[in-house]
Protein chains: 2
Amino acid sequence: MAGQETTKNRILDAAELLFAERGFKDTSLRAITTAAGANLAAVNYHYGDKKGLIRAVLSRYLEQFMPTFKKELVTLHQRDEFDMNDVFLCTKRPLLRLNSFKNNGTTIFMSLIGRGYTDVQGHLRWFITTHYDDVIQLFVGAVRRAYPCLDPETLFWRLHFTLGASVFTMASSTALCEIAVNDFTTQIQTEDLINRLVPYLAAGVTAPIALNQGLVVSNTV
Amino acid sequence: MAGQETTKNRILDAAELLFAERGFKDTSLRAITTAAGANLAAVNYHYGDKKGLIRAVLSRYLEQFMPTFKKELVTLHQRDEFDMNDVFLCTKRPLLRLNSFKNNGTTIFMSLIGRGYTDVQGHLRWFITTHYDDVIQLFVGAVRRAYPCLDPETLFWRLHFTLGASVFTMASSTALCEIAVNDFTTQIQTEDLINRLVPYLAAGVTAPIALNQGLVVSNTV
DNA sequence: GTCTATATTAAGATAGAC
DNA sequence: GTCTATCTTAATATAGAC
């Protein structure tokens, strides 16, 4: 079904690699079809246009990731109490599972998410909030339960910072980890990266609430 | 000297706004020259090519930011002791000073840095490390002094996470803060954003060192 | 320094034969 | 479904008059 070596699938496979490496805008349909050993016209035939191909690449990964991520979150919510590390650790298993779905799957997925947020403005964001809003709500709810004293505005910003740290790391992880390439090492590195990222994010989100530490430049009273 | 209303400067002013908004790749020379009220050929005449223009835009801001940032770091290093918040607060005054250099200067600079790291791969990174390596070293040194027990690898990754959270927030700050537009409110928001970001980053960098929390999938012993 | 006109390149997309 | 050939558009860049 999903893994057939059809032209349509070869294009998808080639596209996700190139998109992850160079970004969506910087990857031409010619580069994709050449890498896939397909004809230039094939993309338009099978996916309508480039946007359709991007959507297909993103959704294939999201359909792998989101359901298992949701399961983790549901399980977490069943516990009486948990901390912020537990919340972020919910991403771990779903992320690593992508490596069995596809070679280097975790890294590719991470890069794609990063690209999707920086390259195409709002495209991915819209996709996720319309299709997977329930998962987002579960996640935000878990963060709130783990640290209830966060006011909504601080929560909003800190989740945004978190997204930034994750997405940026993800998008450039290939460039950074250009050391080892074979599968086993990649597996180790991916898990290691998550293990490093989780405590950082958890500590950031649970930081003491900022005081009003404005620079007093000219205080008249 | 620097603020003359020459065509060359009008192009620079128009370019930095458009680059910050849409990114480097998505901003055509036509859009820039039109906004600047200049002829299309003027960019090539004054800056050689588009890369030259991008460099000029970036370096004009970096020349404003880096020297004052360096001063703050030197002053910090003179103290007997300081914590991680103090380290990150060194960015605050230099960043806000950009608002007197130019309207909305802080936000524009932040966006440009964000764009520079995501759009053009390595371009900005090279620029900073070759021209301002001393400042980077001072900064990393301050982080080390504030939290000496960090091993080099953990330090490396956490600074990278920090860069990601900052850069991503910066690049999308305009999109997020599309609420208020007038200068006074912008000033407030910029400072507020820094005040929110600093404790998050400081807490992340000083998080407890990650234990080896690997997923035991199939442990044979 | 500034303009018009144009060269060059590259990309997305489609028509129509097979 | 796949291919060749081609259309269309848009971008960077330059030549050469003024």
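Order of the sequence lines sets the chain letters (A, B, ...), proteins ahead of strands, with each chain counted from 1. No hydrogens, no waters, no symmetry mates; every other heavy atom, side chains included, goes into these values. As the structure is a prediction and not an experimental result, all values here were calculated from the model.
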Quiz prompt | Derivation of the ring-ring contact (aromatic ring centres under 6.0 Å, His included) call for A:F101 and A:Y61 | solution = CA-CA 9 Å; A:F101 165 61; A:Y61 267 102; 5.6 Å; yes
Quiz prompt | Working for side chain to side chain contact (heavy atoms under 4.5 Å, CB included), residues A:L112 and A:F24 | solution = CA-CA 9 Å; A:L112 288 175; A:F24 299 109; 4.3 Å; yes
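Listed pair B:S28 / D:dA10 fails the phosphate criterion, with no side-chain N or O lying under 4.0 Å from OP1 or OP2. An OP1 or OP2 oxygen of D:dT2 is reached within less than 4.0 angstrom by no side-chain nitrogen or oxygen of A:N39.
One interatomic measurement links the two molecules: CG of A:D49 to P of C:dA13, which rounds to 5 Å at whole-angstrom precision. Taking atom NE2 of A:H46 as the reference point, atom P of C:dA13 lies 16 Å away to the nearest angstrom. Going from atom OH of A:Y47 over to atom C1' of C:dG12 covers 17 Å, rounded to whole Å. Rounded to an integer number of Å, the gap from A:N9 CG to D:dG1 C1' is 14 Å. Protein atom CG of A:L40 is 8 Å distant from nucleotide atom C1' of C:dG12, rounded to whole Å. Residue B:K50 contributes atom NZ, which lies 21 Å from atom P of C:dT8 at whole-angstrom precision.
A:T68 and A:R93 are not linked by any side-chain donor-acceptor pair at a separation below 3.5 angstrom, with hydrogens and angles left out of the test. No hydrogens or angles considered: a donor-acceptor pair under 3.5 Å links the side chains of A:T162 and B:Y200.
Across C:dG1, C:dC3, C:dA11, the shortest atom-to-atom separation from the side chain of B:A41 is found for C:dC3.
Comparing A:A38 and A:R30 by the nucleotide of DNA chain D whose heavy atom lies nearest to each, the residue mapping closer to the 5' end is A:A38.
Across all strands shown, B:T33 has no heavy atoms under 4.0 Å from either base or sugar-phosphate atoms.
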